[in-house]
Number of protein chains: 2
Amino acid sequence: MTRNRWVSELHWRREGQQTRSEKTQAALLDAAEALILEKGTEGTSIADIANRAGSSVGAVYHHFKDKTALYYALFHRMTDAYAQLNAEASNPALWTDATVRDLFRGFLEISLTAAQRTGAAKAAVSAVIADHPALAAHYAEIQRETRKSLLKFVLERRDEIGRPDAEEAAAFAVDQCLAMVRAYLDPSQTAAKLQSLNDAQFIDRTVEMMALFLRLPPAKSA
Amino acid sequence: MTRNRWVSELHWRREGQQTRSEKTQAALLDAAEALILEKGTEGTSIADIANRAGSSVGAVYHHFKDKTALYYALFHRMTDAYAQLNAEASNPALWTDATVRDLFRGFLEISLTAAQRTGAAKAAVSAVIADHPALAAHYAEIQRETRKSLLKFVLERRDEIGRPDAEEAAAFAVDQCLAMVRAYLDPSQTAAKLQSLNDAQFIDRTVEMMALFLRLPPAKSA
DNA sequence: ATTATCTATAGATCTATAGATAATGC
DNA sequence: ATTATCTATAGATCTATAGATAATGC
């Protein structure tokens, strides 16, 4: 008997119609996420995941081809959300009247929103990546996209940049901005000061730093 | 028969006299490190490690109480090196005539040297931490020490800082500097521009950014 | 009648130990 | 004679499947 259709690329089932299925899948992924955070991937077994989700081992294998497929699904659940947000933010129509300051601010706001949505998922996904090095490439690709589109928008406003080495400095500043977001969001990075700030303060400080470095014109309405 | 003495805290044997022992232990840790990088912790078995090291399963258990002890040893091999370097750099005598610029520069140089020494270890250790969440606290503690001593030295030179909010800004800048080092060193972070720089360029740029942000006096000899 | 779930378990690991052998130390 | 190493394997997982039962869909 053919059990089901698998979306081979994503390693898990689409099937938008069955809400029962979706709930179970989500519960299993949530359970895996929580357990990985608590005990790491090595300490987490299929039975553990099924129990935590209030489900059974058999159900796990009904929904996921194997353990790797489950981990891949967990990975994609988070990265797909990121990739989509990034795609939306890359629409030039959103930024027609934006200054470089606005771009950095917008990027920071979007990143923080995304982080709030994904929540604990990110740390668990990091563990999954550590155990499945093949996934690292896809994750890096998404981040590369983000970086690329932000840099492109900044460079389209090159005339705002007061430095003679505008191009190089902009690339440096973009990397910088990404590094800041990571330090701010990652609780394992002991950036005590950053983490004592609230989102608005963090964004203000970071934009200010970028402006100083790139010698941007003063903010219009402040 | 009592097999051996274990240093319970570190979970592995000290024993500085037997070079044969030390070589085997190092080979086992090297093998574990390489395998974890390739296949993650979950995919790596004791037998794999023993084979890669040209050793045997029995030898592994002669040197390490259990698999966790081996992973802990791998973890400590890296973090001990970091902690020691940090302790050395925290000696005020080293920095008697240093400016704030010199402090940042010194910190960056030390971090890069440390990274070169530890090499691939860091990524493997990240995977180990992901699988043994208990270790995260110790790692964070070491980084907190580094952060703290750099910030202390900077604040002792508060008069160099041109900003009215010197204290807050210094803390922000220190976190910033740590975030930059991470982005520069971590190949999984897609900081394309940073990674295209060589060490000296990276350090110059970063120090410059800190100087702009904190409004430090211009460099003396440039 | 098709999809989702469960229980029970075969088969494949993998960890850790026991016991024997080889290498070093006195 | 003490320490380091090996081979072989018991016992404990853990993954994935088979087959039965419950829930939904037409």
Side-chain angles (χ1 to χ4, degrees), chain A residues 1-7 11-32 35-36 39-74 128 131-132, chain B residues 1-7 11-32 35-36 39-74 128 131-132:
Chain A
M1 138 176 96
T2 43
R3 303 262 286 196
N4 231 306
R5 290 144 279 137
W6 302 94
V7 179
H11 291 259
W12 68 321
R13 311 174 64 231
R14 277 204 213 104
E15 195 167 53
Q17 65 274 49
Q18 314 261 50
T19 50
R20 189 159 72 122
S21 259
E22 281 171 0
K23 272 190 186 169
T24 306
Q25 282 182 16
L28 289 170
L29 295 181
D30 290 345
L35 287 167
I36 288 169
K39 314 198 288 174
T41 52
E42 200 168 13
T44 300
S45 72
I46 303 276
D48 285 341
I49 293 169
N51 287 343
R52 168 77 66 114
S55 185
S56 67
V57 171
V60 171
Y61 283 95
H62 178 69
H63 289 283
F64 303 99
K65 200 183 69 194
D66 54 22
K67 199 187 185 186
T68 300
L70 189 150
Y71 281 160
Y72 277 39
L74 184 57
V128 171
D131 241 315
H132 298 268
Chain B
M1 142 177 88
T2 45
R3 304 263 288 195
N4 231 307
R5 291 146 278 137
W6 303 93
V7 179
H11 291 262
W12 68 321
R13 310 176 63 232
R14 279 205 210 101
E15 195 165 54
Q17 64 275 50
Q18 315 260 48
T19 52
R20 189 159 73 123
S21 258
E22 280 171 1
K23 272 191 189 173
T24 306
Q25 281 181 15
L28 289 169
L29 295 181
D30 290 345
L35 287 166
I36 288 170
K39 314 198 291 174
T41 51
E42 200 168 13
T44 300
S45 72
I46 303 275
D48 284 341
I49 294 169
N51 288 344
R52 170 75 68 112
S55 185
S56 68
V57 170
V60 171
Y61 284 96
H62 178 69
H63 289 284
F64 304 99
K65 199 183 70 194
D66 54 23
K67 199 185 184 188
T68 299
L70 189 151
Y71 281 160
Y72 277 38
L74 184 57
V128 171
D131 242 314
H132 298 268

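Protein chains get the first letters and strands the later ones, always in sequence-line order, with residue 1 at the start of each.
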Quick one: Glu22(A) CD to dT24(D) P, roughly how many Å, whole number?
15 Å
Side chain to side chain contact (heavy atoms under 4.5 Å, CB included), that's the test. Do Phe64(B) and Leu29(B) meet it? Break it down for me.
CA-CA 11 Å; Phe64(B) 304 99; Leu29(B) 295 181; 3.9 Å; yes
Provide a list of protein-nucleic acid N or O atom pairs under 3.5 angstrom, restricted to nucleotides 12-15 of chain D.
| from | atom 1 | to | atom 2 | distance (Å) |
| --- | --- | --- | --- | --- |
| dT15(D) | OP1 | Lys67(A) | NZ | 2.8 |
| dT15(D) | OP2 | Ile46(A) | N | 2.9 |

Output every pair passing salt bridge (Lys or Arg N to Asp or Glu O under 4.0 Å) with a member in residues 53-63 of chain A, not counting sequence neighbours, ordered by first then second residue.
none
Which nucleotide in the list dA4(D), dA4(C), dC6(D) gets nearest to the side chain of His63(A)?
dA4(C)
Counting only side-chain nitrogens and oxygens, does Ser21(B) get under 4.0 Å of the OP1 or OP2 atom of dA4(D)?
yes
Nucleotide dG19(C), atom P - distance to NE2 of His62(B) in whole Å:
18 Å
Atom pair NE2 (His132(B)) and OG1 (Thr68(B)), whose distance is rounded to the nearest 0.5 Å:
5.0 Å
Verify the contact: side-chain N or O of Ser55(B) to OP1 or OP2 of dT5(D), cut-off strictly under 4.0 Å; return yes or no.
no
Interatomic distance, Gln25(B) atom CD to Leu74(B) atom CG [nearest 0.5 angstrom]:
12.5 Å
Can you find a heavy atom in the side chain of Tyr71(B) that is under 4.5 Å from one in the side chain of Thr44(B)?
yes
Pairing string, 5' to 3', for DNA chain C - Watson-Crick or wobble contacts under 3.5 Å, brackets [ ] where pairs cross, | to another strand
||||||||||||||||||||||||..
Run the side-chain hydrogen bond (donor to acceptor under 3.5 Å, both in side chains) test against Asp48(A) and tell me which residues pass, sequence neighbours left out.
Lys39(A), Ser45(A)
List for me each residue that meets side-chain contact (heavy atoms from CB on, under 4.5 Å) alongside Thr24(A), sequence neighbours excluded, and say none if there are none.
Leu28(A), Ser55(A), His63(A)
Go through the structure and list residues passing side-chain hydrogen bond (donor to acceptor under 3.5 Å, both in side chains) with Thr41(B), not counting sequence neighbours.
Asp131(A), Asp131(B)
How long is the line joining CD of Gln25(A) and P of dT3(C), in whole Å?
14 Å
